[in-house]
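Heads up, the thing below is written out as structure tokens.
Values in this document were obtained by computation on a predicted structure and should not be read as measured data. The chain is numbered in sequence order, starting from 1.
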Amino acid sequence: MNGRVKIRTAEEIAKARESGRLAAQVLQMITPHVQPGVSTDELDRICREYIVDELGVTPANIGYHGYPKTLCSSVNEVVCHGIPSPTKILKEGDIVNLDVALIKDGWFGDTSRMYFVGHPKPAARRLVQVTYEALRAGIRKVRPGATLGDIGHAIQSVAHQAGYSVVREYGGHGIGDIYHDQPHVNHFGKPGEGLKLQAGMIFTIEPMINAGKRGVKELSDGWTVVTQDRSLSAQWEHMVLVTDSGFDLLTAWPEGTGDYPAIA
């Protein structure tokens with residue numbers, strides 16, 4: 001497995017850092033538009049125009065294995081890969097994950113955030129906050145000599161302690177000049193198991209946490225994944241670089257973490 005996971009040069013890391021920075025910028029830009037009454041298709045249009053016209057880069061998702069849109073917009077019980085639609089209107093109390101990927105100079109940036117539509121119920125807010133804490137716990141395990149199992153175990157522990165479940169069918173991934181590369185990053189695992197991390201590796205960590213059971217199913221559109229029990233699901237995603245002494249977030253939020261604790 002080690003031989004298949006790329007160790008990036010300083011020049012490659014600089015390109016990945018720029019792509020990650022721009023992807024994070026898109027999700028900052030869209031934040032004030034996430035309001036009751038807006039369609040997920042409108043959010044998609046705004047992001048697409050910003051990526052193309054303002055940033056001058058390429059939306060990575062359009063046409064990827066036939067995917068039709070710029071964003072994945074996953075509302076409430078949607079776990080991932082929700083397709084933006086003019087008929088999907090956000091309503092007060094919804095939670096939504098917006099996941100964006102772009103390409104600059106052949107390098108991919110990929111990140112996602114959770115958004116509250118108006119004022120969510122306490123149970124929804126708690127799920128989103130715990131999922132962020134699970135992401136944070138996983139990222140803070142990243143350093144040379146640690147393993148992917150260390151990351152997965154940290155994420156799983158936070159989720160299970162809160163009474164939630166971890167989706168196992170989808171995980172993080174290597175990223176760079178290829179969108180989805182090695183390694184696959186599980187959000188569950190055992191300490192000390194799996195790939196040993198080395199400085200120069202770049203991958204995403206993007207836990208999907210369900211308020212109910214972990215079972216999921218794909219809808220007939222071939223993309224949208226929902227919880228089998230229709231419980232709420234939440235997800236956050238960052239691109240992470242393994243450094244000589246720990247980690248660096250390549251998709252850090254331009255405006256800071258606000259009400260959420262810093263990851264570093």
Side-chain angles (χ1 to χ4, degrees), residues 1 4-6 8 12 15-16 19-20 22-24 26-27 30 39-52 55-88 96-114 148 166-187 201-208 210 214-228 233-240 250-251:
M1 184 69 165
R4 297 169 60 193
V5 178
K6 300 179 180 75
R8 300 299 186 178
E12 290 173 330
K15 291 179 179 179
S19 295
L22 293 177
V26 176
L27 295 185
I30 200 64
S39 72
T40 54
D41 194 62
E42 176 68 4
L43 297 178
D44 187 81
R45 180 192 66 79
I46 294 168
C47 287
R48 182 176 65 254
E49 291 181 358
Y50 182 76
I51 290 169
V52 173
L55 299 182
V57 296
T58 303
N61 287 333
I62 297 175
Y64 184 73
H65 293 299
Y67 189 77
K69 294 292 185 176
T70 297
L71 295 175
C72 294
S73 56
S74 302
V75 183
N76 294 335
E77 76 278 1
V78 179
V79 175
C80 60
H81 305 159
I83 303 174
S85 166
T87 62
K88 184 59 179 179
V96 56
N97 175 275
L98 298 180
D99 190 333
V100 67
L102 53 77
I103 310 167
K104 178 176 171 57
D105 298 330
W107 287 75
F108 288 83
D110 182 15
T111 185
S112 82
R113 290 196 202 181
M114 293 300 300
L148 290 180
V166 179
V167 173
R168 296 190 171 215
E169 288 81 358
Y170 304 91
H173 52 88
I175 188 168
D177 50 343
I178 295 173
Y179 191 174
H180 293 92
D181 207 348
Q182 294 293 337
H184 177 80
V185 181
N186 285 325
H187 301 122
M201 292 180 176
I202 298 175
F203 48 83
T204 70
I205 299 177
E206 47 184 300
M208 288 146 269
N210 297 345
R214 70 175 181 87
V216 301
K217 64 178 179 180
E218 187 178 275
L219 300 186
S220 59
D221 62 20
W223 286 101
T224 306
V225 176
V226 301
T227 55
Q228 283 186 355
S233 188
Q235 179 189 21
W236 301 86
E237 176 183 10
H238 271 308
M239 281 171 59
V240 181
L250 303 185
T251 47

Below 4.5 Å, heavy atoms only, C-beta onward: do [X] and [Y] meet side chain to side chain?
X: E12; Y: D177; value: no
X: V226; Y: N76; value: no
X: K88; Y: V75; value: yes
X: F203; Y: M239; value: no
X: H81; Y: C72; value: yes
X: L22; Y: V57; value: yes
X: I51; Y: V100; value: yes
X: I30; Y: C47; value: yes

Say you draw a straight line from [atom1] of [X] to [atom2] of [Y]; how long is it, rounded to the nearest 0.5 Å?
X: T204; Y: D99; atom1: OG1; atom2: CG; value: 9.0 Å
X: I178; Y: F108; atom1: CD1; atom2: CZ; value: 8.5 Å
X: N186; Y: L148; atom1: CG; atom2: CG; value: 8.0 Å
X: L102; Y: W107; atom1: CG; atom2: CH2; value: 14.0 Å
X: K217; Y: T227; atom1: NZ; atom2: OG1; value: 9.0 Å
X: I202; Y: K15; atom1: CD1; atom2: NZ; value: 12.0 Å

Apply side-chain contact (heavy atoms from CB on, under 4.5 Å) to Y179 and N61, showing your working.
CA-CA 10 Å; Y179 191 174; N61 287 333; 2.6 Å; yes
Go through it in stages, so that I can follow the logic: the residues are W223 and E218, the test is side-chain contact (heavy atoms from CB on, under 4.5 Å), and I'd like the CA-CA distance, side-chain angles, deciding distance and then a yes or no.
CA-CA 6 Å; W223 286 101; E218 187 178 275; over 6 Å; no
Keeping the roles fixed (side chain from [X], backbone from [Y]), state whether a donor-acceptor pair exists under 3.5 Å.
X: T111; Y: A23; value: no
X: Q235; Y: E206; value: yes
X: S233; Y: V78; value: no
X: Q182; Y: R4; value: no

Does the side-chain contact (heavy atoms from CB on, under 4.5 Å) test come out yes or no for R168 and R214, once each step is laid out?
CA-CA 8 Å; R168 296 190 171 215; R214 70 175 181 87; 3.6 Å; yes
Output, in order, the C-alpha distance, side-chain angles, deciding distance and verdict of side-chain contact (heavy atoms from CB on, under 4.5 Å) for V216 and M208.
CA-CA 11 Å; V216 301; M208 288 146 269; over 6 Å; no
Is it the case that H173 and D110 place a side-chain donor and acceptor less than 3.5 Å from each other?
yes
Looking only at the side chains, is there a donor atom on one of T251 and H238 sitting less than 3.5 Å from an acceptor on the other?
yes
Pick one: which of S112, S74, S73 meets side chain to side chain donor-acceptor pair (under 3.5 Å) with N97?
S112
Please list every donor-acceptor pair under 3.5 Å in which a side-chain atom of residues 64-71 meets a protein atom from a residue at least two apart or in another chain.
from: Y64; atom 1: OH; to: H180; atom 2: ND1; distance (Å): 2.8
from: Y67; atom 1: OH; to: L71; atom 2: O; distance (Å): 2.8
from: Y67; atom 1: OH; to: G82; atom 2: O; distance (Å): 3.1
from: K69; atom 1: NZ; to: D41; atom 2: OD1; distance (Å): 2.6

Worked check of ring-ring contact (aromatic ring centres under 6.0 Å, His included) between H187 and Y170:
CA-CA 9 Å; H187 301 122; Y170 304 91; over 10 Å; no
